[in-house]
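Some notes on the structure that comes next.
Remember, it's a predicted structure, so these values are computed and weren't measured experimentally.
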Amino acid sequence: MLHVKLAYTFDRCAGMRTQLDNPLFDILSAIHASGSVGQAAARLQLSYRHVWGELKKWETALASSLIVWERGKRARLSPFGEKLLFAEQRARMRVMPQVENLIAEMEREFALAFDPNVHVIPMVASHDLALPRLKDSLARDAKLYLDLQFRGSMECIEALSRGECLLAGFHVSEDRAPGSMTQKAFKALLKPGRHKLINFVGRQQGLMVARGNPKRILNVQDLARPEVRFVNRQPQSGTRLAVEQLLAQAQIDPARVQGFDSAEPTHLAVAAAVASNLADAGFGIQAAAAEFGLDFIPVMREQYYFVCLKETVDVAPISTLRELLGRSAWQDGIRDLPGYDTAGAGQVIPLSRALPWYSFRKPK
């Protein structure tokens with residue numbers, strides 16, 4: 001059995017940082033995408049000789065062939081090479097939230113040690129691809145450090161209520177009608193007069209399927225077909241709630257969906273499961289599907305909100321965060337993420353406007 005060892009280093013360029021990199025998997029991924037060792041070397045800005053030497057070194061270490069060579073045909077990964085690449089992608093996507101949490105704790109301590117003027121926002125948030133970019137932008141442009149922990153949407157609001165953070169992040173679909181599952185999940189957690197919502201981003205959620213959609217999956221109803229394997233998100237996540245609500249609207253018993261009880265911690269982990277053929281479909285954001293080259297079937301738009309206590313919304317550091325969210329520089333920084341929009345980013349939204357199940361009697 002192979003053993004994994006982790007290490008860390010320092011980097012002043014936060015935006016250039018990647019986590020859990022291993023040069024072997026960069027090479028395998030490039031060959032898988034290009035079908036050529038030469039093109040893979042060019043893509044990685046390495047010499048052909050270096051890439052060839054790395055492949056041979058790893059084939060010796062792993063006692064298995066990684067590449068299949070056939071005269072007159074494109075180079076391709078061996079069955080073992082493909083299995084190894086997809087296993088690494090799935091494992092990395094599953095552990096990334098925990099890694100980001102660990103890094104956040106370490107960076108917070110180092111930030112406080114190196115700069116007495118730095119400000120910290122402890123935050124617990126539902127997983128989102130734009131949040132690491134916001135974290136880097138805040139540190140670079142506002143000297144504001146986001147101490148970011150990833151959990152399910154409902155767990156995030158509960159953490160705010162317990163005083164474990166200053167800011168929480170959650171998302172809800174546009175279907176917020178009174179009596180909906182969304183109301184039942186969130187109404188008891190959010191209190192008018194106590195909590196304030198801040199617009200972050202809008203996102204497209206939908207079905208992620210293999211490129212070319214070989215199972216011809218078109219809508220949520222197709223998830224009940226016996227030959228379709230589904231991969232779900234963890235309980236108490238906003239996406240899991242959205243899936244449950246969509247199935248209820250389609251009058252589909254979750255027990256009919258093969259894989260409904262599976263649980264992946266992030267949109268990227270779901271996409272990795274589909275890309276490696278462990279599932280035929282998953283539900284998540286469009287940007288995660290694009291990350292793994294999957295086809296995407298839009299189902300709904302949702303809004304991602306930040307929530308804080310009323311007394312903190314207009315004072316630093318939350319006011320600084322809101323001001324940065326409204327800047328075009330920050331908004332331009334996520335325009336390459338498919339399915340995102342930044343309409344109203346940074347604006348404070350009353351609970352009664354965002355969530356229509358709150359109603360108030362007008363004074364006589």
If I take atom [atom1] from residue [X] and atom [atom2] from residue [Y], how far apart are they, to the nearest 0.5 angstrom?
{"X": "Phe260", "Y": "Asp253", "atom1": "CZ", "atom2": "CG", "result": "9.0 Å"}
{"X": "Thr239", "Y": "Ile285", "atom1": "OG1", "atom2": "CD1", "result": "8.0 Å"}
{"X": "Gln347", "Y": "Leu197", "atom1": "CD", "atom2": "CG", "result": "12.5 Å"}
{"X": "Leu324", "Y": "Ser137", "atom1": "CG", "atom2": "OG", "result": "4.5 Å"}
{"X": "Glu100", "Y": "Leu148", "atom1": "CD", "atom2": "CG", "result": "7.5 Å"}
{"X": "Leu167", "Y": "Lys196", "atom1": "CG", "atom2": "NZ", "result": "15.0 Å"}

Check whether any side-chain heavy atom of [X] lies under 4.5 Å from a side-chain heavy atom of [Y], and answer yes or no.
{"X": "Gln149", "Y": "Glu164", "answer": "no"}
{"X": "Leu166", "Y": "Pro317", "answer": "yes"}
{"X": "Val299", "Y": "Asn219", "answer": "no"}
{"X": "Met154", "Y": "Phe186", "answer": "yes"}
{"X": "Gln236", "Y": "Arg151", "answer": "no"}
{"X": "Val172", "Y": "Tyr305", "answer": "yes"}
{"X": "His195", "Y": "Leu309", "answer": "yes"}
{"X": "Gln89", "Y": "Phe25", "answer": "no"}

Do [X] and [Y] share a hydrophobic cluster, counting only Ile, Leu, Val, Met, Phe, Trp and Tyr and linking them when any side-chain heavy atoms are less than 4.5 Å apart?
{"X": "Met300", "Y": "Val209", "value": "yes"}
{"X": "Phe296", "Y": "Ile334", "value": "yes"}
{"X": "Leu337", "Y": "Phe150", "value": "yes"}
{"X": "Leu294", "Y": "Val228", "value": "no"}
{"X": "Leu62", "Y": "Ile67", "value": "yes"}

Taking the side chain from [X] and the backbone from [Y], do they hold a donor-acceptor pair closer than 3.5 Å?
{"X": "Thr342", "Y": "Ala345", "result": "no"}
{"X": "Lys215", "Y": "Glu227", "result": "yes"}
{"X": "Ser276", "Y": "Ala272", "result": "yes"}
{"X": "Ser78", "Y": "Ser65", "result": "yes"}
{"X": "Glu54", "Y": "Leu24", "result": "no"}
{"X": "Lys191", "Y": "Ala188", "result": "yes"}
{"X": "Arg229", "Y": "Ala281", "result": "no"}
{"X": "Glu302", "Y": "His171", "result": "no"}
{"X": "Thr312", "Y": "Cys308", "result": "no"}

Would Ile27 and Leu44 count as a side chain to side chain contact (heavy atoms under 4.5 Å, CB included) if you check the C-alpha gap in whole Å, the side-chain angles of each, and the deciding distance to 0.1 Å?
-> CA-CA 8 Å; Ile27 292 172; Leu44 297 171; 3.8 Å; yes
Closest contact, heavy atoms only, [X] versus [Y]:
{"X": "Pro265", "Y": "Arg94", "result": "CG-O, 3.4 Å"}
{"X": "Ser126", "Y": "Phe170", "result": "CB-CA, 4.4 Å"}
{"X": "Glu82", "Y": "Leu77", "result": "CG-CB, 3.7 Å"}
{"X": "Pro298", "Y": "Gln204", "result": "CB-OE1, 3.9 Å"}
{"X": "Gln221", "Y": "Ala250", "result": "NE2-CB, 4.1 Å"}
{"X": "Asp295", "Y": "Gly212", "result": "OD2-N, 2.8 Å"}

Answer yes when [X] and [Y] have at least one side-chain N-carboxylate O distance shorter than 4.0 Å, and no when they do not.
{"X": "Glu155", "Y": "Arg162", "result": "no"}
{"X": "Asp128", "Y": "Arg203", "result": "yes"}
{"X": "Arg301", "Y": "Asp341", "result": "yes"}
{"X": "Asp136", "Y": "Arg133", "result": "no"}
{"X": "Asp332", "Y": "Arg335", "result": "yes"}

Judged by modelled atom types alone, do Ser64 and Glu59 share a side-chain donor-acceptor pair under 3.5 Å?
->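 No.
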Any side-chain donor-acceptor pair under 3.5 Å between Asn232 and Glu264?
->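 Judged by distance alone, the side chains do not pair up.
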Residue pair Val274, Asp280: steps toward the side chain to side chain contact (heavy atoms under 4.5 Å, CB included) verdict | CA-CA 6 Å; Val274 176; Asp280 302 306; over 6 Å; no
Taking the six-membered ring of Trp58, is the NZ or CZ of Lys56 close enough (under 6.0 Å from the centre) and on axis enough (within 45°)?
->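 Relative to the ring axis of Trp58, which defines the angle, Lys56 lies outside at least one limit.
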Is it the case that Arg322 places NZ or CZ above or below the six-membered ring of Phe306, under 6.0 angstrom from the centre and within 45 degrees of the axis?
->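 Arg322 over Phe306 ring: no.
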Above 12 or not: heavy atoms from other molecules or residues under 6.0 Å from CD of Gln251?
->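 Atom CD in Gln251 is not crowded, with 12 or fewer foreign heavy atoms closer than 6.0 Å.
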How about Arg211: does its CZ atom have over 12 heavy atoms from other parts shown lying under 6.0 Å from it?
->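 It does not: Arg211 CZ has 12 such atoms or fewer within range.
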Val124 and Cys156: CA distance, side-chain angles, deciding distance, side chain to side chain contact (heavy atoms under 4.5 Å, CB included) verdict = CA-CA 5 Å; Val124 180; Cys156 296; 3.7 Å; yes
Stepwise side-chain hydrogen bond (donor to acceptor under 3.5 Å, both in side chains) check, Gln303 with Asn199 = CA-CA 8 Å; Gln303 185 66 36; Asn199 267 338; 3.3 Å; yes
Checking side chain to side chain contact (heavy atoms under 4.5 Å, CB included) for the pair Gln205/Ser173: CA distance, chi angles, key distance, verdict?
-> CA-CA 9 Å; Gln205 283 249 49; Ser173 72; over 6 Å; no
How are the rings of Tyr304 and Phe200 set relative to one another: parallel (under 30°), tilted (30 to 60°) or perpendicular (over 60°)?
->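 Aromatic pair Tyr304/Phe200 classed perpendicular.
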Are the aromatic rings of Phe283 and Phe230 close, with centres under 6.0 Å apart?
->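 Aromatic pair excluded; centres sit 6.0 Å or further apart.
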